[in-house]
Student: 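I'd like to ask you about the structure that follows.
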Amino acid sequence: MVDHRSSMGDPPIDHQRLLEQVPGVVFALDARGGARYVSPQAERILGRPAEAWTADPFLWTRALHPDDRDRVVEGWRRAAGSGQPFRAEYRMLRPDGTAVWIREHTDPVRDAAGAIVGWQGLSIDVTETHLAQADRTTTDARYRALVEQLPAVVYVDSDEVHPRSLYVSPNAEALLGYPPEAYLADPALWRRTIHDDDRERVLAAWAEAIRTGSPFHEDYRFVRPDGGIVWVRDTSLRIRAADGRSQWQGVILDVTTQVLAEQEVRASTARYRALVESIPAVVYEMGPDDERRTLYVSPHIETLLGYSRQEWLDQPDIWIELLHPDDREYELAAHDHHTETGEPWRREYRLIAADGRIVWVRDQAVLVRDERGRPQTWQGVLVDITGPKELEEQLRTANEELEFRVRARTAQLQEANELMGLEIAERRRMERELRDAQERYRRLVEDVPAVVYRWQVRPSSSTDHTYVSPQIEPMLGYTPAEWHPRRGVWRERLHPHDRDRVIAAAERSERTGEPFQQEYRYLAKDGRVVWVADRATLLARDDDGRPLVFQGVMVDATARHEAERKAAEVEARFRELAEESPVSPWAAEISYGTTPPTLRIDYVGPRIAEALGVAPTSWAGDRSRWLEMVHPDDRTWVGELATQNLSSGQSWDVCYRMLAANGSVVWVNDRGRCVARDTQGRPTRFVGTIADVTAWRAAETERARALDAMRSLVEQMPAIAWTELVDPTSGWRRFAYIGPQARELLGYEPEELIAEPDHFARMLHPADRDRVLRRRVGRRPQRRHVVRSVPRPPTRRRDPLVLLDRPPRDPEGRGPGDLAGHLRRRDRRATGPGGGDDDPAHRAQPGRADRLGQPRRAAPAPAVAPEGRGAGAPGARPIRRPAGGSPGSR
């Protein structure tokens with residue numbers, strides 16, 4: 001791309017101030033990486049003045065932190081070798097040994113041919129950001145270690161019917177057989193690994209939890225990769241994440257042992273129930289108290305007495321009511337005696353059946369006690385013994401068999417009691433683990449870097465739910481006892497500017513039960529101002545439905561607010577720089593979703609409105625509107641250049657004309673560069689500046705016209721004008737400019753004379769050389785000589801020449817500077833050797849006048865050669881004389 005650049009001249013002093021006020025170190029490097037300019041902020045940020053960085057080319061490498069040096073130096077070498085922008089974050093060591101984190105942005109500066117002529121960059125202090133990130137990393141690692149060491153799988157899922165796993169603790173692989181990465185990569189893995197018999201139930205429960213927001217709590221089976229079955233208890237709650245989105249946070253416990261034990265108990269119970277209910281007798285369980293309530297009776301009670309099992313259980317004292325009146329007192333007394341002594345019960349008595357029949361029964365039972373020896377229940381059996389006497393033997397045999405079965409059942413019941421004891425022990429173990437878990441959660445609440453609290457709206461005589469975790473003391477300096485809500489300390493320590501707002505929000509939550517969510521300031525015990533982020537939700541209501549208890553968490557947000565304040569100050573400074581500077585920044589973005597791609601101008605600074613009389617909002621976002629405002633004579637090449645640069649991503653710096661709202665022509669300088677590309681390398685975002693340079697352009701046009709007029713005057717006068725540069729310290733000289741009249745007067749091209757610094761002494765006639773060189777060594781204000789030259793062959797003319805030069809003086813006339821003068825033919829009307837032009841009186845002879853009748857004056861020679869001719873002629877190179885040359889030599 002042809003880089004249409006336009007020089008803007010030396011920047012005004014305002015630009016320098018802006019550079020020196022940028023919140024970072026602005027610097028410029030030469031093509032080899034040496035520092036040419038470093039802004040004064042270097043001393044504040046890096047601890048060394050700007051002069052140290054420009055004087056020592058290796059200071060930057062030495063100041064790099066040893067742990068970052070190889071990486072950063074290699075990155076710079078790659079950028080310098082490829083010509084790509086250099087972006088890096090690294091640490092630098094200040095002279096006192098402290099490390100400063102730096103974010104550097106360095107871009108190449110190219111000439112019109114695209115060659116790199118230097119580098120410009122900006123280094124910003126990001127130490128605070130890195131320290132905050134390090135603190136967050138340490139805190140995250142501490143909590144992650146705590147979560148990952150729990151004997152369970154902790155997870156975070158998205159709030160969706162088909163959830164995505166956002167976090168799974170490493171325990172997942174040991175418990176479920178799949179690593180956490182598998183769940184994060186495959187959202188459907190959880191659903192697939194649920195046992196086929198449980199999947200429909202579990203997914204339905206999850207969908208219901210998603211719909212209602214109620215906690216998800218299910219026991220189900222997982223199928224491990226090896227085919228093994230794991231019973232788990234999955235409990236999850238919907239929470240609000242830091243970014244405001246809903247998530248589900250849960251824990252998965254391995255309950256395989258417990259579930260298998262429960263299944264075994266149920267199976268054993270079913271077996272025993274089947275065995276008991278198949279016995280041809282009534283098996284029962286009765287309480288040992290005076291009520292003698294039947295706790296269990298087998299279905300054979302209906303066969304025996306005509307009462308259904310449910311009727312027998314629903315009427316607590318039915319056994320007493322059905323006792324035969326003649327036996328009732330004896331049997332009740334015997335029952336009390338056996339209950340007191342614990343002796344086995346063996347009685348025969350009569351019961352009245354539902355149809356009025358009298359049924360003789362043999363009742364045998366044992367008293368079951370708990371582990372402390374306290375009576376629990378009577379477990380026994382009722383046998384019908386009303387058969388005929390002739391069947392006595394058979395009945396006795398049946399009775400013996402029944403006794404055997406009763407003993408077997410008793411043994412089974414004892415075994416069941418033992419199993420029950422094991423179950424009780426297991427329950428106690430689980431209760432102990434629950435207490436341990438509660439203790440761990442308590443420690444977690446008290447160790448979390450935030451204040452967890454419970455806030456009770458109204459005092460209650462029965463229960464006080466208020467609570468403040470110990471973290472209140474490191475945050476605000478008050479102990480939990482001092483901070484108790486009843487003391488009112490929290491209201492007193494509210495910042496005066498926030499007190500009304502926070503109290504009003506708290507009272508509104510107390511009335512309505514809506515969540516309390518505020519950020520405000522506290523005055524700590526030591527006087528510090530502490531910003532807090534306070535979130536609380538309703539936990540319980542009283543019997544009348546009014547809000548009673550809120551639970552919340554209060555996080556120290558001071559560092560974030562301080563960072564936001566600093567960010568706002570930086571943003572304000574940059575906004576002031578963008579909107580108050582004499583140039584208007586702009587930003588544009590390319591979207592490749594359409595054909596052709598769409599260019600949208602996102603922002604244009606307000607300063608351009610002053611020059612064009614058109615509000616930036618009228619053409620921001622519309623490239624065609626901007627192109628319509630370009631002058632018709634420039635519109636084609638500007639549009640082509642814009643298309644080329646926007647497609648390639650190359651930078652530009654061009655000047656062109658635009659039409660203001662009032663029809664006037666405004667010259668603008670437009671600069672831009674690509675700052676972002678997509679994954680395919682296509683430019684996506686550009687930024688730049690646009691400035692009104694109409695006045696500068698007019699000055700440049702006037703200057704060019706004046707230079708052309710001066711050049712024409714110098715090159716057409718009948719004398720050779722020349723300019724010689726003189727170093728007053730070393731005496732070194734060289735010609736910067738020699739007029740084209742040298743061809744006619746001397747027979748030499750100006751380029752030849754400029755290339756030979758000592759040509760003047762060589763070309764003087766031998767008879768004039770000593771006199772002229774000796775007189776030119778002096779320091780008189782002005783010297784005039786009549787000399788003879790030795791022209792170049794074949795020209796053999798040796799016309800007398802008049803040399804007029806000025807001594808070296810600086811631009812202010814205070815000391816040696818550049819030497820200027822001219823050489824012309826001597827007026828042949830002068831007479832006498834050494835007379836004429838060499839005579840000082842000749843300078844103001846009457847009668848010598850120009851065409852207007854005024855006395856003739858010497859044409860002033862330019863102090864500096866016209867632009868583009870400083871080297872004499874195109875292609876000529878300046879010749880540098882060694883420092884030891886004679887001050888008078890050429």
Side-chain angles (χ1 to χ4, degrees), residues 707 710-765 768-792 795 799 801-811 813 815-825 858-890:
L707 288 177
M710 185 180 296
R711 183 181 295 111
S712 175
L713 178 64
V714 170
E715 294 183 354
Q716 292 180 12
M717 69 180 183
I720 304 174
W722 52 270
T723 301
E724 186 176 15
L725 304 180
V726 180
D727 185 349
T729 303
S730 64
W732 176 84
R733 298 178 175 218
R734 74 174 179 84
F735 282 95
Y737 173 75
I738 297 178
Q741 295 88 338
R743 300 187 189 92
E744 178 185 355
L745 293 181
L746 302 177
Y748 286 90
E749 292 294 329
E751 293 83 355
E752 297 179 84
L753 300 179
I754 291 174
E756 182 185 356
D758 297 331
H759 71 271
F760 180 72
R762 175 181 62 78
M763 294 177 61
L764 283 172
H765 193 280
D768 300 332
R769 184 177 294 119
D770 293 340
R771 171 176 59 85
V772 174
L773 295 180
R774 184 172 59 254
R775 295 181 64 181
R776 295 190 77 238
V777 173
R779 293 295 181 183
R780 291 180 299 169
Q782 185 168 339
R783 292 186 293 273
R784 193 182 187 93
H785 314 280
V786 177
V787 300
R788 286 167 290 179
S789 66
V790 180
R792 183 174 187 173
T795 303
D799 295 334
L801 304 177
V802 176
L803 170 65
L804 177 64
D805 62 3
R806 295 179 180 178
R809 296 218 172 250
D810 65 7
D818 296 342
L819 189 64
H822 68 262
L823 186 68
R824 62 180 176 81
R825 287 196 181 93
V864 180
E867 182 180 355
R869 304 177 66 88
R877 294 185 176 180
I879 305 298
R880 184 178 296 275
R881 182 175 179 81
S886 171
S889 62
R890 289 177 178 262

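Remember, predicted model here, so these are calculated numbers, not experimental data.
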Student: Is the shortest side-chain heavy-atom distance between Glu751 and Ile754 below 4.5 Å?
Tutor: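 No - every pair of side-chain heavy atoms lies 4.5 Å or more apart.
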Student: Rounded to the nearest 0.5 Å, what's the gap from CZ on Arg771 to NE2 on His765? Could you check?
Tutor: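 Rounded to the nearest 0.5 Å, the CZ-NE2 separation comes to 11.5 Å.
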Student: Can you tell me how far the CD1 atom of Ile738 sits from the CG atom of Leu746, to the nearest 0.5 Å?
Tutor: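 Reported to 0.5 Å precision, the distance equals 9.0 Å.
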Student: Got a second to check how far Ile720's CD1 is from Tyr737's OH, nearest 0.5 Å?
Tutor: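 OH of Tyr737 is found 10.5 Å from CD1 of Ile720.
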Student: Would you name the heavy atoms of Pro740 and Pro750 that are closest together and state the gap between them?
Tutor: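 Smallest heavy-atom distance, with atoms named: CA-CG, 3.8 Å.
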